[in-house]
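Convention: sequence-line order gives letters A, B, ...; per-chain numbering from 1.
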2 protein chains.
Amino acid sequence: MAVTTRRADAQRNIAAILTAAAECLGRDPAVSTSEIAKAAGVGRVTLYGHFPSRAELVDAVFVQAIATGEETLGQVDLTGDPRDALTRLIESSWHLVDQYRALLLAAQDALPPGRVRELHADPMARVERLLERGRTENVFRTDLPTSWLVSVMHNVMHGAASEIQAGRITSEQAAPYITATLLAAFTPPKPE
Amino acid sequence: MAVTTRRADAQRNIAAILTAAAECLGRDPAVSTSEIAKAAGVGRVTLYGHFPSRAELVDAVFVQAIATGEETLGQVDLTGDPRDALTRLIESSWHLVDQYRALLLAAQDALPPGRVRELHADPMARVERLLERGRTENVFRTDLPTSWLVSVMHNVMHGAASEIQAGRITSEQAAPYITATLLAAFTPPKPE
DNA sequence: GGTAACTCGTACACTGGTGTTCGACAAGAG
DNA sequence: CTCTTGTCGAACACCAGTGTACGAGTTACC
């Protein structure tokens, strides 16, 4: 991308479109390009001048969201007791999930299948590493595949987001609920 | 509804449309009325003669699905050790969730908000009753609201359905995975 | 201050769905 | 056997979105 040869106002517009799109898609996963353009203070034609299609715009927004999310998650201390590390990771991840919930929906039906997962590779690998470590230290269960545990974590967090949206729990309750649930779910079953 | 005065072939067509719709919506939540009509071996106009709109058709299909599901779940023995009862309930519920997964998606964006939950009231109440009993018997945890536990169960099951659809686990693995996960998640935390 | 890059609004073509209307025709009920 | 009820296909109006074309105007860059 020879962005260097882009004129200053063009770059400003691209940025404005990107942030407006993030905001709009966060409200309604099905917003039209017209509304995004309007929110960005830009003509619809200009939008299409920078992004060849709605899908590519959504993709760009999603890539950006993942990148900033990764930046946050990269700062979480994952050393020490895996249970404590998981608690910290949940705390951070949770805010991101809650924030980008609608955007994810938008991506899921605007992007080709598999693309969403592809872009999630990095954050997923981070969770997997932590779980693997906990498993070798006999703190997390090993009778279920790691990938399943990751999926459980993912679904519980998104479920919490739904509960919030429906007004059945508050934003503050979510993190402790999720943590309590997942720590229990990941604990090795009693040999009994 | 004076269905009594309906002609025999009309009743046949209604049934055909309903089953065809269930089948089509199970494949693709966004099927058009044309395709449903075609699958039912019926003209599109005939379909609209019986169901005033796509939404009402989806609603009818969903109501039917819930009803047959309830019939199955009603036969599950929920007495005895709550953990065993939950295992049995999961086994039955799981098949239903897996089967009606796509239909649920269709309902969620064709029906007014809240309608889906409204129709889920009965199955949800059944789960709640069992969980409540397990709580009074100190077999299930009481440090989280019952509604949250129900939501976790719901989300883990739907997550398993996604995993299957993505080919990451098989249909046979699902039930044991779900059971192992939820029993652990619902276990009271050690006082420690 | 000239030039290339960029933007704007309007208008258009296209797509793919929903719901309705029409008139001819078939099939069940009594 | 008749009459009501239901069915059919084709056509239509409508809507909302996507992506493109055009030509005039504006803005950054050197």
Novice: Would B:Arg129 and B:Glu132 pass as an ion pair if we require N to O under 4.0 Å?
Specialist: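 Not counted as a salt bridge, because no side-chain N and carboxylate O are separated by less than 4.0 Å.
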Novice: Let's test your reading of the model: under 3.5 Å, does the base of C:dG9 pair with the side chain of A:Arg44 as donor and acceptor?
Specialist: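 Under the 3.5 Å cut-off, the side chain and the base do not form any donor-acceptor pair.
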Novice: Regarding B:Lys38 and B:Glu35, does a basic nitrogen lie under 4.0 Å from an acidic carboxylate oxygen?
Specialist: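 A salt bridge is absent here (no side-chain N lies under 4.0 Å from a carboxylate O).
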Novice: Is any N or O donor-acceptor pair between the side chain of A:Arg7 and the base of D:dA28 shorter than 3.5 Å?
Specialist: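 Between D:dA28 and A:Arg7, which were checked side chain against base, a qualifying N/O pair under 3.5 Å is absent.
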Novice: Please figure out whether B:Val31 or B:Val45 has its closest DNA chain C nucleotide nearer the 5' end.
Specialist: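 It is B:Val31, whose closest nucleotide lies nearer the 5' terminus.
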Novice: Between the side chains of A:Arg83 and A:Asp81, is the shortest nitrogen-to-carboxylate-oxygen separation below 4.0 Å, so that they form an ion pair?
Specialist: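 Between A:Arg83 and A:Asp81 there is no salt bridge, as every charged N stays at least 4.0 Å from the carboxylate O atoms.
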Novice: Less than 4.0 angstrom between a side-chain N/O of A:His50 and OP1 or OP2 of C:dT7, yes or no?
Specialist: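 Result: yes.
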Novice: Rounded to whole angstrom units, what separation is found between the CD1 atom of B:Ile36 and the P atom of C:dT18?
Specialist: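 Roughly 8 Å, once rounded to whole Å.
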Novice: Want to settle it: does A:Ala8 or A:Arg54 sit nearer the 5' end of DNA chain D, counting the closest nucleotide to each?
Specialist: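 It is A:Arg54, whose closest nucleotide lies nearer the 5' terminus.
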Novice: Using whole Å, what does the distance between atom C1' of nucleotide D:dC29 and atom CZ of A:Arg12 come to?
Specialist: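 After rounding, the reported distance stands at 13 Å.
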Novice: Could you tell me how far apart B:Lys38 (NZ) and D:dT7 (P) are, to the nearest whole angstrom?
Specialist: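 Going from B:Lys38 (NZ) to D:dT7 (P), I get 19 Å.
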Novice: Within this structure, what is the OH-to-P distance between A:Tyr48 and C:dA11, rounded to whole angstrom?
Specialist: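 One finds 19 Å between P of C:dA11 and OH of A:Tyr48, rounded.
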Novice: Which atom names give the shortest non-hydrogen contact between A:Arg141 and B:Ala184, and what distance separates them?
Specialist: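 The answer is NH1-CB, 3.4 Å.
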